[in-house]
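Just so you know, these numbers come straight off a predicted model, no measurement behind them. Scope of the values below: all heavy atoms of this structure, side chains included, with no hydrogens, waters or symmetry mates.
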Amino acid sequence: MTGTLVLAGTPIGDVQDAPPRLAAELAEADVVAAEDTRRLKRLAQALGVTPRGRVVSYFEGNESARTPELVQELLGGARVLLVTDAGMPSVSDPGYRLVAAAVAEDVRVTAVPGPSAVLTALALSGLPVDRFCFEGFLPRKAGERLSRLKEIAEERRTLVFFESPHRIEDTLAAMAEVFGAGRRAAVCRELTKTYEEVRRGGLGELTAWAAEGVRGEITVVVEGAPEKKPEEIDAAELVRRVRAREEAGERRKEAIAAVAAEAGLPKREVFDAVVAAKHAG
């Protein structure tokens, strides 16, 4: 029989938030793969448990090399527990490669649900939570960061990002440039820790605040793009735009579709305007 891979959530701040099953899994696992073995040791001490199995490091630098080793342990029947420094494995943390490799070998994968900075920040933000998407960390280079933000500028769902303290001002400034300074957002830092803070406001306002310096682990929640309202364009202008496209070589059907999309109107409304102008002429 093959073993089981267990993904366990760990506290994002307050150790008392550790799921009760975590201590039991630490005590029972044959292998514990930890992003930082020193932090794992401190966590285990706080929980009053001593890992029974072998403890190995599993972080970004050795993830590719160590994955095959852990898969072999799983194929040999071991129960492998994967933990990261904070939150759930695989979510902007090591874990995806191991999960994918385990699934490919038909190894059972389960989880010990635990704290999540993404969901905690989303809930505290005061922004819509019915639909959201997680973007993780934006690119470090300014040009690549702007390009990524432009790709999602029209995203209607609430956006959640991770960011580091020394880049937060530049990131908020880039967001204000692309999304608009008035777009609502929340900067959540040190969640569940002693100096937890949630700063809410427009992106321009938050950029000015971040210029004073921000510390700690940061999650940024940004309001989705507002729904576009149809342009107030009269029938004569719609007809003019369609004719301009036709004169440029487009077929009428394509011209009507393009003008309707630009104006945020149903194609039928533009079509009716063109037909009415033809009959009037």
Q | R52, CZ: over 12 other non-hydrogen atoms inside 6.0 angstrom | A | yes
Q. Would you say E196's side chain and T192's backbone share a donor-acceptor pair under 3.5 angstrom?
A. yes
Q.
For the OG1 atom of T207 and the CD atom of E169, what is their distance to the nearest 0.5 Å?
A. 7.5 Å
Q: Tell me, yes or no, whether the heavy-atom count around D106 atom CG, taken from other residues, nucleotides or ligands under 6.0 Å, exceeds 12.
A: no
Q: Nearest 0.5 Å please: distance from the CG atom of L22 over to the CG atom of D17.
A: 12.0 Å
Q: Look up atom CZ in R199 and atom CG in L206, then write down how far apart they are to the nearest 0.5 Å.
A: 8.0 Å
Q: Would you give the length of the straight line joining atom CG of L122 to atom CG of L127, rounded to the nearest 0.5 angstrom?
A: 8.0 Å
Q) Does G224 offer a backbone N or O that forms a donor-acceptor pair with the side chain of R157 under 3.5 Å? A) no
Q. Once you round to the nearest 0.5 Å, how far does CZ of F179 lie from CD of E155?
A. 9.5 Å
Q | Sub-4.5 Å side-chain heavy-atom contact between F132 and V118 | A | yes
Q | Nearest heavy atoms of P94 and E63, plus distance in Å | A | CA-OE2, 3.6 Å
Q. Any link between F161 and L119 through a network of hydrophobic side chains (Ile, Leu, Val, Met, Phe, Trp, Tyr) touching at under 4.5 Å?
A. no
**Q.** Check: V91 and S116 side chains under 4.5 Å, non-hydrogen atoms
**A.** no
Q) Is L7 linked to V80 within one hydrophobic cluster, defined over Ile, Leu, Val, Met, Phe, Trp and Tyr using a side-chain heavy-atom separation of less than 4.5 Å? A) yes
Q. Going through the distances and angles, do E163 and R145 end up as a salt bridge (charged side-chain N to carboxylate O under 4.0 Å, His left out)?
A. CA-CA 12 Å; E163 193 49 277; R145 183 166 55 235; 5.5 Å; no
Q. So if you build clusters from Ile, Leu, Val, Met, Phe, Trp, Tyr with side-chain heavy-atom gaps below 4.5 Å, do V221 and M175 land together?
A. no
Q.
Tell me if the CD atom of E217 is crowded by more than 12 foreign heavy atoms within 6.0 Å.
A. no
Q: Taking all heavy atoms of K193 and all of G13, pick out the closest pair and write down the distance.
A: CG-CA, 3.6 Å
Q | Side chains of Y58 and T67 in contact at under 4.5 Å (non-hydrogen atoms) | A | yes
Q: Mark yes or no for whether E35, through its side chain, and D85, through its backbone, hold a donor-acceptor pair below 3.5 Å.
A: yes
Q.
I'd like to know whether V178 forms a side-chain contact (heavy atoms from CB on, under 4.5 Å) with I152, so could you lay out the CA-CA distance, the side-chain angles of the two residues, the decisive distance to 0.1 Å, and finally the verdict.
A. CA-CA 9 Å; V178 176; I152 56 176; over 6 Å; no
Q: Side-chain contact test, heavy atoms from C-beta onward, threshold under 4.5 Å: evaluate it for L238 versus L265 and give yes or no.
A: yes
Q: Return yes if some donor-acceptor pair links the side-chain N/O of D170 with the main-chain N/O of R167 below 3.5 Å, else return no.
A: no
Q. Do V239 and R243 come close enough that some side-chain heavy atom pair is under 4.5 Å?
A. yes
**Q.** Heavy-atom pair of closest approach, residues V214 and P165
**A.** O-CB, 3.2 Å
(Q) Closer than 3.5 angstrom, by distance alone: can the side chain of R189 be matched with the main-chain N or O of R215 as a donor-acceptor pair? (A) yes
(Q) A quick test of your reading: do over 12 heavy atoms of other residues, nucleotides or ligands sit less than 6.0 Å from CZ of F134? (A) yes
Q. Looking at CG of L203 and CZ of R184, how far apart are the two atoms once the value is rounded to the nearest 0.5 Å?
A. 11.0 Å
(Q) For T10 versus A86, what's the shortest heavy-atom pair and its separation? (A) OG1-CA, 3.3 Å
(Q) Pair E105, L74 - check side-chain contact (heavy atoms from CB on, under 4.5 Å), show working. (A) CA-CA 9 Å; E105 294 290 347; L74 289 164; over 6 Å; no
Q) Considering residues, nucleotides and ligands other than Y96, do more than 12 of their heavy atoms fall under 6.0 Å from its OH? A) no
Q) Do side-chain atoms of T171 reach the backbone of I168 as a donor and acceptor pair under 3.5 angstrom? A) no
Q.
Donor-acceptor check, side chain of D30 to backbone of R79, threshold 3.5 angstrom: yes or no?
A. yes
Q: State, with a plain yes or no, whether a side-chain heavy atom of S57 is found less than 4.5 Å away from one of R66.
A: yes
Q) Any link between V270 and V275 through a network of hydrophobic side chains (Ile, Leu, Val, Met, Phe, Trp, Tyr) touching at under 4.5 Å? A) yes
Q. Do you know the tightest heavy-atom contact between V112 and P19?
A. CG1-CG, 3.8 Å
**Q.** Residue pair R241, E237: steps toward the salt bridge (charged side-chain N to carboxylate O under 4.0 Å, His left out) verdict
**A.** CA-CA 6 Å; R241 292 188 184 189; E237 175 61 16; 3.0 Å; yes
Q) Hey, are the side chains of K253 and K267 touching, using non-hydrogen atoms and a 4.5 Å cut-off? A) no
Q: Quick one: do L159 and C133 satisfy side-chain contact (heavy atoms from CB on, under 4.5 Å)? Show the steps, please.
A: CA-CA 5 Å; L159 301 159; C133 56; 3.2 Å; yes
Q.
Looking at E223, is its backbone amide N or carbonyl O close enough to the side chain of R183 to form a donor-acceptor pair, meaning the two atoms are under 3.5 Å apart?
A. yes
(Q) Could you tell me if the side chain of P11 sits less than 4.5 Å from the side chain of L43, heavy atoms only? (A) yes
**Q.** Which atom of A101 lies closest to which atom of V71, heavy atoms considered
**A.** CB-CG2, 3.6 Å
**Q.** Derivation and outcome, side-chain contact (heavy atoms from CB on, under 4.5 Å), residues S90 and V99
**A.** CA-CA 8 Å; S90 293; V99 172; 4.1 Å; yes
Q: Answer yes or no: does atom NZ of K41 have more than 12 heavy-atom neighbours from other residues, nucleotides or ligands under 6.0 Å?
A: no
Q: Is it possible for you to say whether V6 and M88 belong to one hydrophobic cluster, with membership spreading through side-chain heavy-atom contacts below 4.5 Å?
A: no
